[in-house]
Amino acid sequence: MATTENTSKLDAPQEFTPYVPSEDEEYMNEAQREHFRNILVQWKKELMEEVDRTMHHMKDEAANFPDPTDRASQESEFSLELRTRDRERKLIRKIDQGIGRVDRDEYGFCETCGTEIGIRRLEARPTATLCVDCKSLDEIRERQLGR
């Protein structure tokens with residue numbers, strides 16, 4: 001996937017062929033599970049490559065600047081990169097869980113109510129574990145509890 005300025009590695013991969021189910025096709029059949037497994041594996045690969053690039057960048061760019069402003073600027077840049085890599089690390093864990101759900105034939109169904117999450121929603125967010133209705137209720141609860 002070629003990353004554009006508008007696309008973050010934290011977003012689902014954008015370069016894949018959308019799955020087009022036939023009218024009589026069963027939800028989350030083998031072909032659909034393979035489609036989503038490929039998306040998840042590719043996304044994880046891209047994130048892991050980004051982690052490697054960051055490690056090399058931080059090693060190569062680390063310098064002890066005599067000027068406190070330059071030093072502070074570099075530390076701020078590294079801090080931002082590390083926060084982004086931490087978010088990606090957490091996302092990689094969710095991707096691994098998604099791959100596990102695909103392997104156990106549990107992928108694509110809401111963890112709360114058991115209904116179908118939907119192919120388009122999963123293509124937009126392959127790590128989704130809740131259907132739109134349950135996710136909406138979950139977000140309302142979060143707002144009410146102030147989390």
Side-chain angles (χ1 to χ4, degrees), residues 1-63 70 72-147:
M1 175 176 124
T3 305
T4 63
E5 293 175 34
N6 299 335
T7 304
S8 164
K9 291 289 182 191
L10 296 173
D11 294 330
Q14 301 296 309
E15 291 186 14
F16 63 87
T17 304
Y19 190 86
V20 181
S22 62
E23 286 185 35
D24 60 342
E25 188 172 340
E26 182 181 337
Y27 181 72
M28 275 308 132
N29 60 38
E30 185 63 35
Q32 290 176 13
R33 286 194 306 271
E34 188 63 28
H35 171 74
F36 287 108
R37 186 177 215 301
N38 290 338
I39 290 172
L40 290 164
V41 168
Q42 180 61 32
W43 195 9
K44 179 180 177 180
K45 180 180 172 234
E46 291 170 5
L47 289 168
M48 295 301 290
E49 289 171 357
E50 191 66 25
V51 167
D52 288 343
R53 273 193 292 277
T54 298
M55 284 181 22
H56 293 299
H57 168 72
M58 290 180 80
K59 284 180 186 176
D60 295 344
E61 298 296 317
D70 290 340
S73 183
Q74 182 185 48
E75 288 175 13
S76 178
E77 175 189 326
F78 283 178
S79 176
L80 181 62
E81 281 190 50
L82 290 173
R83 274 186 292 190
T84 302
R85 294 301 86 79
D86 186 54
R87 289 180 66 206
E88 288 174 347
R89 180 185 54 81
K90 292 174 185 174
L91 180 56
I92 288 169
R93 191 173 355 173
K94 284 185 174 185
I95 292 170
D96 285 338
Q97 290 169 351
I99 293 169
R101 284 192 309 279
V102 169
D103 293 343
R104 293 187 306 274
D105 295 338
E106 298 171 359
Y107 186 81
F109 297 93
C110 180
E111 288 182 345
T112 302
C113 68
T115 62
E116 298 175 0
I117 293 175
I119 291 174
R120 296 300 163 242
R121 174 164 164 69
L122 289 169
E123 285 180 336
R125 193 66 179 168
T127 57
T129 58
L130 300 174
C131 66
V132 173
D133 293 337
C134 290
K135 183 62 177 172
S136 296
L137 289 172
D138 195 46
E139 289 173 355
I140 290 168
R141 269 192 291 274
E142 284 180 13
R143 280 194 301 270
Q144 288 175 343
L145 296 174
R147 291 185 196 178

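How far NZ of Lys135 is from CD1 of Ile117: 11.0 Å, rounded to the nearest 0.5 Å. Within the model, atoms CE of Met48 and CD of Glu50 stand 12.0 Å from one another, a figure rounded to the nearest 0.5 Å. Taken from CG in Leu122 to CD1 in Ile39, the straight-line distance is 9.0 Å, to the nearest 0.5 Å. Rounding to the nearest 0.5 angstrom, the gap separating the CZ atom in Arg141 from the OG atom in Ser136 is 10.5 Å. For the atom pair Ile92 CD1 and Lys94 NZ, the distance stands at 13.0 Å (nearest 0.5 Å). The CD atom of Glu88 lies 9.5 Å from the CD1 atom of Ile95; values are rounded to the nearest 0.5 Å.
Taking the six-membered ring for Trp, Phe36 and Tyr19 have ring centres at least 6.0 Å apart.
Side-chain contact between Arg83 and Asp86 is absent, with no heavy atoms from C-beta onward closer than 4.5 Å. Side-chain contact check for Lys45 versus Val41: every heavy-atom pair is 4.5 Å or farther apart.
The minimum heavy-atom distance linking Glu25 with Val20 is given by the pair OE1-O, 4.4 Å. Closest approach of Ala128 to Arg101, counting heavy atoms only: O-NH2, 3.9 Å. Minimum heavy-atom separation, Trp43 to Pro126: CZ3-CD, 3.8 Å. Nearest approach of Leu91 to Arg125, heavy atoms of both residues: CD1-NH2, 4.1 Å. The minimum heavy-atom distance linking Cys131 with Cys110 is given by the pair N-SG, 3.4 Å. Residues Gln32 and Pro21 share a closest heavy-atom pair of NE2-CB, 4.0 Å.
Ion pairing between a basic and an acidic side chain is recognised when a charged N comes within 4.0 Å of a carboxylate O; Asp96 and Arg93 show no such pairing. Salt bridge annotation for Arg37-Glu34: absent, with no cationic side-chain nitrogen under 4.0 angstrom from a carboxylate oxygen.
Relative orientation of the His35 and Phe16 rings is perpendicular, given thresholds of 30° and 60° on the angle between their planes.
In this structure, Tyr107 contributes its side chain and Gly100 its backbone to no donor-acceptor pair below 3.5 Å.
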